[in-house]
There are 2 protein chains.
Amino acid sequence: MHWKKIPDAVIRRLPIYLRVLEEASRENQKLISSQALGERAGVAPALVRKDLAWFGEFGKQGVGYQVNYLINELCSIMNLDRKVCVGLVGVGSLGYALARYHRARALREPSFRTHLVALFDNDPVKWGQMVDDLEIWPFDIIKDKVKEMNLEVIIMTVPAEHAQSVADRVAEAGIKAVLNFAPTKLNVPSDVQVADADVSLELQRLAYYLKSN
Amino acid sequence: MHWKKIPDAVIRRLPIYLRVLEEASRENQKLISSQALGERAGVAPALVRKDLAWFGEFGKQGVGYQVNYLINELCSIMNLDRKVCVGLVGVGSLGYALARYHRARALREPSFRTHLVALFDNDPVKWGQMVDDLEIWPFDIIKDKVKEMNLEVIIMTVPAEHAQSVADRVAEAGIKAVLNFAPTKLNVPSDVQVADADVSLELQRLAYYLKSN
DNA sequence: TAGATTGTTAATCGATTAACAATC
DNA sequence: TAGATTGTTAATCGATTAACAATC
């Protein structure tokens with residue numbers, strides 16, 4: 001695109017707006033102001049307007065934003081106006097749970113938009129086992145599967161000590177986006193995006209705030 | 001404390017430093033420089049020094065930081081120099097998995113420091129069932145259990161539509177820290193800290209970056 | 001028209017980086 | 001001592017907020 005680079009802080013808020021808008025849509029709201037949207041998203045109204053203004057003029061002065069129109073625009077901006085195929089590596093207890101959770105939610109919420117379609121593990125005992133209607137494949141064939149199934153995002157739920165070597169193989173397979181649950185920093189090529197989702201970091205952060213209160 | 005308020009951005013990095021330091025300690029490293037610590041944490045060395053300087057002078061010029069000493073200091077700063085008791089509400093597939101994952105990790109890593117000790121659900125069918133060696137209690141008795149077991153943090157893995165009312169009850173029970181996996185913004189009293197951990201927000205953010213690449 | 005709310009600019013606030021004297 | 005690395009200050013960079021003209 002020809003735009004100036006959009007700050008990541010902005011990109012992180014867009015899915016929150018999307019979530020609020022979809023709620024509003026379910027409640028049959030047709031219009032929403034930056035004030036109301038911001039309140040439900042936990043963001044100042046001026047910031048909501050500024051965030052949206054990076055991408056165009058979506059509102060009407062004195063009126064607000066059309067809920068369904070803005071949902072469509074945001075989906076297109078976020079690259080969610082299509083099926084995004086996701087794979088998961090490491091079907092231990094956490095991987096298993098996330099797999100089931102993700103599929104249940106995708107079934108229930110059509111707005112979920114990311115679809116978990118493949119599971120991988122390197123334990124031969126697990127190969128061929130099913131989680132709901134998904135088969136567990138050997139991790140070794142991930143490169144072929146990425147191509148065959150058009151996987152674009154990989155969720156990593158492997159032990160910390162294997163995370164880096166798995167990440168290497170994942171990057172080699174052409175994946176550009178990884179959601180990493182392992183408690184370790186991954187070194188990946190600069191064109192691969194990693195989102196970290198280590199539960200313990202958040203718990204430890206919360207512990208700090210128990211102090212002052 | 002008498003300090004100026006520490007920015008949350010700083011607090012979020014401390015657990016990352018802690019993780020790196022514990023790795024280094026396991027590798028029998030005695031000393032670490034802000035350079036090396038920063039590299040493994042993904043943070044600029046100057047920022048590492050500035051973050052630590054909020055709390056005191058822990059290093060020696062020309063030498064660096066003593067790994068084990070800094071671990072102790074950081075634990076004390078983060079309020080992790082003791083057992084932090086955690087409860088979990090909503091033993092669905094995600095809650096069940098997080099429970100098992102958390103306990104397995106706490107057993108394996110003594111440095112984990114937060115301990116999951118109670119599970120709650122409002123489905124009578126689940127009451128009395130065990131997840132590993134933890135019993136599932138009725139959500140209704142959470143207030144008593146918070147007192148009895150000294151719970152300080154609650155992990156919420158309930159459906160979005162129940163999240164707010166659960167949060168109200170949790171806050172009422174005296175809890176000041178919540179890790180929320182439900183895809184909804186919780187309104188809580190200002191002395192209650194909420195950390196959001198909605199997987200779909202991260203997946204959607206990753207989808208955006210698939211575009212430009 | 002009058003009231004409401006957008007898009008945008010300028011001001012503020014906060015966080016990160018660069019640089020270096022202090023000192024181990 | 002010489003080299004290394006801290007703690008800290010000043011400079012830079014970036015993000016948020018306040019304010020308001022434009023306009024529906």
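Proteins come first, then strands; the chains are lettered A, B, ... in the order of their sequence lines, and each starts at number 1.
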Q.
OP1 or OP2 of D:dG7 versus the side-chain N and O atoms of B:Tyr65: is any pair under 4.0 Å?
A. yes
Q) Considering only side-chain heavy atoms of B:Arg13, which listed nucleotide, C:dT17, C:dT16, D:dC24, is closest? A) C:dT16
Q: Grab the CZ-C1' distance between B:Arg12 and C:dT16 for me, whole Å please.
A: 17 Å
Q | Pairing annotation in dot-bracket form, given for DNA chain C with Watson-Crick or G-U pairs under 3.5 Å and | for cross-strand partners | A | ..||||||||||||||||||||||
Q) Taking 4.0 angstrom as the limit, do B:Arg205 and A:Asp8 come out as a salt bridge? A) yes
Q.
Nearest whole Å is fine: how far is C:dA15 P from B:Ile11 CD1?
A. 11 Å
Q | Spacing of B:Phe55 atom CZ relative to D:dG7 atom C1', expressed in whole Å | A | 15 Å
Q.
For a quick test of reading the model, state the closest non-hydrogen atom pair linking A:Leu88 to A:Leu98 and the distance between them.
A. CD1-CB, 4.2 Å
**Q.** Over all atoms of both residues, closest heavy-atom pair of B:Ala163 and B:Thr184
**A.** CB-CG2, 3.5 Å
Q.
Just N and O in the side chain of A:Ser34: are any of them under 4.0 Å from OP1 or OP2 of C:dT6?
A. yes
Q) So does A:Arg19 pair up with B:Asp198, basic N to acidic O under 4.0 Å? A) yes
(Q) I need the CG-C1' distance between B:Leu52 and D:dT5, as an integer number of Å. (A) 13 Å
Q. When you measure from the side chain of A:Lys50, which nucleotide among D:dT9, C:dC24, C:dT9 comes out closest?
A. C:dT9
Q: Grab the CD1-P distance between A:Ile6 and D:dA15 for me, whole Å please.
A: 11 Å
Q) Starting at the 5' end of DNA chain D and moving along, which residue's nearest nucleotide shows up first, A:Asp51 or B:Ala46? A) B:Ala46
(Q) C:dG7, OP1 or OP2 - any side-chain N/O from A:Arg49 closer than 4.0 Å? (A) no
**Q.** Gap between atoms CG and P, on B:Leu47 and D:dT5 respectively (whole Å)
**A.** 19 Å
Q.
Taking the nucleotide of DNA chain D with the nearest heavy atom to each, does A:Lys60 or B:Gly59 sit closer to the 5' end?
A. B:Gly59
(Q) Looking only at the side chains, is there a donor atom on one of A:His102 and B:Ser200 sitting less than 3.5 Å from an acceptor on the other? (A) no
Q) For B:Pro7, which contact category applies under a 4.0 Å heavy-atom criterion: base, sugar-phosphate, or nothing? A) sugar-phosphate
Q: Can you figure out which of D:dT8, D:dC24, D:dT16 approaches the side chain of A:Ala9 most closely?
A: D:dT16
Q: Would you please say whether a donor-acceptor pair under 3.5 Å links the side chains of A:Asp51 and A:Tyr17?
A: yes
Q: Please state how far atom CG in B:Leu37 lies from atom C1' in D:dT6, giving the value in whole angstrom units.
A: 13 Å
Q) Roughly, in whole Å, what's the span from CD in A:Gln66 to C1' in C:dT6? A) 14 Å
Q. Does a side-chain N-to-carboxylate-O contact under 4.0 Å join B:Lys176 and B:Glu152?
A. no
